[in-house]
Structure formats: structure tokens, C-alpha cells
Asker: 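Before I ask anything, here is the structure I am working with.
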Amino acid sequence: MTELTKGGPSRRGLLAGGLALPLAPALLRQAWAQGQATTTVHGFETGADVAAAEKEGEILFYTHDSDPAAAALMKAFSTDFPKIKGNYLRAQTGALYSKLLAERSAGRFAADVIQFSEVPTAMDFRKKDGFELYVSPQAKAYPETALDNPPGYFFHSGVLPIGIAYNTDRVPEAEAPKNWKDLLDPKWRGTISTKQVTSGSQFVQWYELRRLYGDGFWKDFAKQRPRGFDSRAQIFDRLAKGDDKICGMAEWAGYQLAKDKGAPVRFVVPEDGAPTATLATGLATKAPHPQAARLFLDWLMSPRGQAVYQNNPFYYYPSLRRDAPPMPGGANLRQYKLLFPDIEKLAQSHSAFVKEWNGMMGL
């Protein structure tokens with residue numbers, strides 16, 4: 001696997017140097033080595049001009065996460081860099097993207113750093129010249145699969161491994177599903193929860209299991225009469241109370257939060273693999289605070305920022321950093337067989353997913 005060993009320059013610097021896009025990782029490493037300065041602060045390396053970032057004095061982060069989550073993240077960043085005020089704007093990815101495009105169409109460029117919960121949305125934004133090319137010096141700590149292709153437009157700031165969860169009061173461990181096909185056992189009919197079609201994680205799971213087992217898997221699953229819900233909190237609340245026996249699309253973050261509250265639930269990483277949804281975070285072009293934006297992105301990619309994502313209960317996003325410690329509860333992401341979808345093919349299959357999933361939910 002090709003690995004990045006150095007960060008890289010901005011898009012403007014590369015174009016000024018006559019390098020064509022897209023660039024291979026080797027060219028990005030070479031361009032970095034030829035002149036990009038770095039600074040080490042709070043134990044992590046950044047390509048930002050820290051003094052200039054502090055002079056800019058603020059940053060605006062567009063995110064799909066909840067208000068408490070975004071507030072916790074910006075507080076942690078501003079604690080490390082008290083001269084920079086961390087601001088955020090949050091909305092669900094669809095609404096966030098619509099607002100962002102409307103602003104930019106009107107000539108307003110407010111966002112510095114942007115995070116989407118769906119990679120296809122990030123890819124579309126990249127095609128619209130929305131993301132600035134900046135390969136962080138933190139990139140060397142990540143596998144190639146955690147970086148955009150070509151690297152530098154966005155990175156996977158967190159992941160959502162998808163498994164199976166069950167209520168331990170209603171399902172004996174010996175009978176619990178061990179792999180995805182176990183969900184098709186008639187004994188689970190009418191007792192399984194999933195998410196609605198609006199969920200990016202549900203889309204990833206649908207795509208990956210269809211890829212593994214063909215169209216027939218979901219046709220058979222529909223016979224189980226699953227119930228779909230909007231949020232992971234709703235799903236795990238029902239599971240904890242025993243309203244459902246099985247969660248057929250269990251996001252690890254939702255499970256861990258329920259477990260922290262003492263719910264009688266258990267998470268199973270299926271033997272055939274865990275479909276994995278990824279977040280996408282990158283720098284906005286024409287950012288009003290470009291150096292603060294770089295500093296924030298490098299901080300977010302560093303162990304300090306990733307610790308917030310992985311350990312704060314508002315997030316519980318496992319980190320893809322190679323040196324990431326175990327997650328809350330002791331599990332390590334490297335123990336799992338993660339299934340990452342081909343994003344281009346995933347995006348192309350969205351209409352098929354919507355039609356099939358809505359049909360399954362009776363919509």
C-alpha cells in the first residue's frame with residue numbers, strides 16, 4: 001500500500017509550480033520536501049503559520065454533528081489555541097450542503113473547514129472546486145484509505161463501523177447472530193430494527209451486503225419485516241427496553257453510548273465484515289481564515305483532535321490513525337474486518353437504494 005510520509009502544499013502553490021492535477025502521492029511528497037515549512041505545537045506537526053492563524057483570531061467549522069458535539073470540539077481546539085475563537089455552524093448534511101452552495105453562489109465565503117457525513121457529498125463539493133488542496137503533515141499517520149484520491153482535498157476524520165446489536169435480556173448469547181446472513185433466520189421476524197433511507201450509514205450497509213451477497217440478500221431481509229427509524233438514539237432506546245431483539249444496522253457509536261448508560265446490549269462485529277461509513281473533512285476554498293483553517297485541520301487529524309472524536313460521548317468516532325489507542329470499552333479498530341465501499345460506485349447506486357429501501361419500509 002502506498003503511504004504518505006509528508007504533507008503537501010496548497011493548490012495555488014502547486015499550480016504556481018506547474019504541477020498538473022491530479023497528483024500522485026510521490027509528487028506531493030516531493031513538493032512538500034522542496035519548500036513547505038512545518039511547526040510543531042502541542043506535540044503535533046502543522047503546516048500552518050501559527051502566528052498568522054492567531055492573528056486571524058477565529059475559525060468557522062461547518063459540520064453535520066449535533067450542537068453539543070460541535071461545541072465540545074471547538075472548545076477543545078480553543079483551549080489549545082486560546083487566541084483563536086472556535087465557531088461552528090451545524091445542520092444535517094443535506095441541509096448543510098444546500099446552504100453552503102447557496103452562500104457560495106451568492107459570493108459569500110464564510111466556511112473555513114467543512115465536514116460532511118457522506119463521502120459522495122464531499123466528492124461532489126470537490127468537483128465544484130469547493131475543497132482547497134492541502135495535504136496535512138499529519139497524513140503520514142493515516143492509511144491511504146483514510147485520504148481522498150488524490151490526497152489532500154479531504155480526509156476521513158472518523159468512521160462508523162456497522163455491526164449487529166442485540167438485547168442480552170431477550171437473546172441468549174449462543175443464539176445471537178454471528179454474521180449478516182444470520183439475520184435472515186425466521187426466528188427474528190418482526191423483531192429487527194434498522195434506519196430509514198435518509199441514513200448514510202444505512203446506505204453503506206445496503207451497498208456492501210448487496211455487493212457481498214447479491215440482490216437476493218435484501219429481498220430475503222425484507223421478509224423479516226424490519227422497522228426503520230430516524231436516529232441511532234431511537235434504535236438503541238428501543239433495543240434497551242426490549243421493544244426489538246435485534247438491531248440489524250448498529251453503529252458502534254450508538255452502541256457504546258447505550259452501553260455507557262447500562263443498557264443490556266451487546267455489539268457483534270460480523271465474521272463477514274463490518275460495512276464502514278466515513279466522515280469527510282477538508283478546507284474550504286476562499287476560506288476567510290486560511291491559516292487558522294490549516295491549523296484546525298492539522299489539530300483535528302492529530303492525536304489531540306482524534307482523541308476528542310474517539311472518546312467524547314457526543315462523538316465516539318473511532319480513529320483511523322495507525323497509532324490510535326483502543327476505543328472506549330477496550331476494542332481496537334484494527335481488530336475489525338472493515339468493509340469500505342467504492343465511493344464512485346456507491347454514489348451511482350443511490351437511486352436503487354432509495355427505491356428498494358423505501359419499498360421495504362412500506363413508503
Asker: Would you kindly say whether Gln138 and Ser302 are connected by a side-chain donor-acceptor distance under 3.5 Å?
Answerer: no
Asker: Return the CD1 to CZ distance between Ile235 and Arg227, rounded to the nearest 0.5 Å.
Answerer: 11.5 Å
Asker: Taking side chain as C-beta onward, heavy atoms only, is Ile246 less than 4.5 Å from Val171?
Answerer: yes
Asker: Which pair of heavy atoms, one from Pro318 and one from Pro161, lies closest together, and at what distance?
Answerer: CG-CD, 4.0 Å
Asker: If we ignore hydrogens and angles and just use 3.5 Å, is the side chain of Tyr97 paired with the main-chain N or O of Phe125 as donor and acceptor?
Answerer: yes
Asker: Any side-chain heavy atom of Pro226 sitting closer than 4.5 Å to one from Ser193?
Answerer: no
Asker: Using the rule given for side chain to side chain contact (heavy atoms under 4.5 Å, CB included), can you reason through Trp357 versus Thr194, listing the C-alpha separation, both sets of side-chain angles and the distance that settles it, and then say yes or no?
Answerer: CA-CA 10 Å; Trp357 209 257; Thr194 64; 3.8 Å; yes
Asker: Do Phe154 and Leu101 land in one hydrophobic cluster if side-chain heavy atoms of ILVMFWY residues count as linked below 4.5 Å?
Answerer: yes
Asker: Does a donor on one side chain and an acceptor on the other come within less than 3.5 Å for Tyr166 and Asp244?
Answerer: no
Asker: Nearest 0.5 Å, what's the NZ-CG distance between Lys241 and Asp237?
Answerer: 4.5 Å
Asker: Salt-bridged, Lys223 to Asp220, with N to O below 4.0 Å?
Answerer: yes
Asker: Begin with the C-alpha distance, continue with both residues' side-chain angles, and end with the deciding distance and a verdict on side chain to side chain contact (heavy atoms under 4.5 Å, CB included) for Asn311 and Tyr316.
Answerer: CA-CA 6 Å; Asn311 299 314; Tyr316 279 155; 5.5 Å; no
Asker: Charged N to carboxylate O under 4.0 angstrom, Lys195 versus Asp230?
Answerer: no
Asker: Pick from His289, Arg294, Gln291: which one makes a side chain to side chain donor-acceptor pair (under 3.5 Å) with Asp112?
Answerer: His289
Asker: The criterion is side chain to side chain contact (heavy atoms under 4.5 Å, CB included); which residues satisfy it with Asn312, sequence neighbours excluded?
Answerer: Ala72, Val308, Phe314, Tyr315
Asker: How about Leu147 and His156: do any of their side-chain heavy atoms sit closer than 4.5 Å?
Answerer: no
Asker: Without placing hydrogens or testing angles, list every side-chain donor-acceptor pair under 3.5 Å for residues 347-356, not counting sequence neighbours.
Answerer:
{"unit_1": "Ser349", "atom_1": "OG", "unit_2": "Lys345", "atom_2": "O", "d": "3.4"}
{"unit_1": "Ser349", "atom_1": "OG", "unit_2": "Leu346", "atom_2": "O", "d": "2.8"}
{"unit_1": "Glu356", "atom_1": "OE1", "unit_2": "Trp206", "atom_2": "NE1", "d": "2.9"}

Asker: Whether the side chain of Arg90 engages the backbone of Ala71 through a donor-acceptor N/O pair (distance < 3.5 Å, no angle test) should be reported.
Answerer: no
Asker: How about CD on Gln335, more than 12 heavy atoms from neighbouring residues, nucleotides or ligands closer than 6.0 Å, or not?
Answerer: yes
Asker: What heavy-atom pair brings Ile164 and Pro177 nearest, and what distance separates the two atoms?
Answerer: CD1-CB, 4.1 Å
Asker: Does a sphere of radius 6.0 Å around NZ in Lys259 hold more than 12 heavy atoms from other residues, nucleotides or ligands, not counting ones at 6.0 Å or beyond?
Answerer: yes
Asker: Checking the side chain of Thr40 only, and the main-chain atoms of Gly43 only, is there a donor and an acceptor separated by less than 3.5 Å?
Answerer: no
Asker: Can you find a side-chain donor-acceptor pair between Asp65 and Tyr317 that sits under 3.5 Å?
Answerer: yes
Asker: Any sub-3.5 Å donor-acceptor pair from Glu56's side-chain atoms to Ile84's backbone N or O?
Answerer: no
Asker: Can you confirm whether Trp218 sits close enough to Arg210 that some side-chain heavy atom of one is under 4.5 Å from a side-chain heavy atom of the other?
Answerer: yes
Asker: Could you give me the CA-CA distance, side-chain angles and deciding distance for Leu257 and Arg232, then say whether side chain to side chain contact (heavy atoms under 4.5 Å, CB included) is met?
Answerer: CA-CA 10 Å; Leu257 189 58; Arg232 71 173 69 127; over 6 Å; no
Asker: Where is the tightest heavy-atom contact between Ala274 and Thr276, given as atom of each residue plus distance?
Answerer: O-OG1, 2.9 Å
Asker: Quick check: do Cys247 and Ile192 have side-chain heavy atoms less than 4.5 Å from each other?
Answerer: no
Asker: Testing the 3.5 Å rule here: is there a donor-acceptor pair between the side chains of Thr46 and Thr39?
Answerer: no
Asker: Whether Glu132 and Lys286 form a salt bridge (side-chain N of Lys/Arg under 4.0 Å from carboxylate O of Asp/Glu) is what I want to check.
Answerer: no
Asker: Got a sec, which residues hit side-chain hydrogen bond (donor to acceptor under 3.5 Å, both in side chains) with Gln202, two or more places apart in sequence or on another chain?
Answerer: Gln205
Asker: Using a 4.5 Å cut-off on heavy atoms from C-beta on, say whether the side chain of Glu251 contacts that of Leu160.
Answerer: yes
Asker: Checking the side chain of Asp148 only, and the main-chain atoms of Pro151 only, is there a donor and an acceptor separated by less than 3.5 Å?
Answerer: no
Asker: If I compare all heavy atoms of Met123 with all of Ile343, which pair ends up nearest, and what's the gap?
Answerer: SD-CG2, 2.7 Å
Asker: In the structure I gave you, are the side-chain heavy atoms of Lys245 and Trp188 within less than 4.5 Å of one another anywhere?
Answerer: yes
Asker: To the nearest 0.5 Å, what is the distance between CE (Met249) and CG (Leu209)?
Answerer: 11.0 Å
Asker: Could you work out, with side-chain hydrogen bond (donor to acceptor under 3.5 Å, both in side chains) as the rule, every residue matching Ser157, not counting sequence neighbours?
Answerer: Gln115, Thr281
Asker: What's the separation between atom CG in Leu283 and atom CG in Leu133, rounded to the nearest 0.5 Å?
Answerer: 9.5 Å
Asker: Would you kindly confirm whether Leu212 and Tyr207 end up in one hydrophobic cluster when ILVMFWY residues are joined by side chain heavy atoms under 4.5 Å apart?
Answerer: yes
Asker: Does the pair Leu96 and Gln92 meet the rule for a side chain to side chain contact (heavy atoms under 4.5 Å, CB included), with working shown?
Answerer: CA-CA 6 Å; Leu96 187 71; Gln92 291 186 338; over 6 Å; no
Asker: If you compare all heavy atoms of Leu320 against all heavy atoms of Ala146, which two are closest, and at what distance to 0.1 Å?
Answerer: CD1-CB, 3.7 Å
Asker: Applying ring pair (Phe, Tyr, Trp, His ring centres under 6.0 Å) between Phe61 and each of Phe77, Phe296, Tyr88, report the one that passes.
Answerer: Phe296
Asker: Using modelled atom types only, decide if a donor and an acceptor are shared between the side chain of Arg225 and the backbone of Gly190 within a distance under 3.5 Å.
Answerer: no
Asker: Tell me, with the steps shown, if Asp298 and Ser136 meet side-chain hydrogen bond (donor to acceptor under 3.5 Å, both in side chains).
Answerer: CA-CA 6 Å; Asp298 292 340; Ser136 167; 2.6 Å; yes
Asker: Mind listing the closest non-hydrogen atom pair of Thr285 and Phe109 along with its distance?
Answerer: O-CD2, 4.3 Å
Asker: Atom CG of Asp243 and atom OG1 of Thr191: how far apart are they, to the nearest 0.5 Å?
Answerer: 11.5 Å
Asker: Do Thr63 and Phe116 touch side chain to side chain, with heavy atoms closer than 4.5 Å?
Answerer: no
Asker: In chain order, what residues pass the side chain to side chain contact (heavy atoms under 4.5 Å, CB included) check against Arg108, with sequence neighbours excluded?
Answerer: Glu103, Ala106
Asker: Taking the six-membered ring for Trp, are Phe131 and Tyr153 closer than 6.0 Å centroid to centroid?
Answerer: no
Asker: What's the spacing between Asp342 CG and Glu208 CD if we round to 0.5 Å?
Answerer: 9.0 Å
Asker: So, using side chain to side chain contact (heavy atoms under 4.5 Å, CB included) as the criterion, who are the partners of Gln306 when residues are at least two apart?
Answerer: Tyr142, Phe155, Tyr309, Ser319, Arg321
Asker: So, Glu271 and Lys178, do they make that salt bridge, N to O below 4.0 Å?
Answerer: no
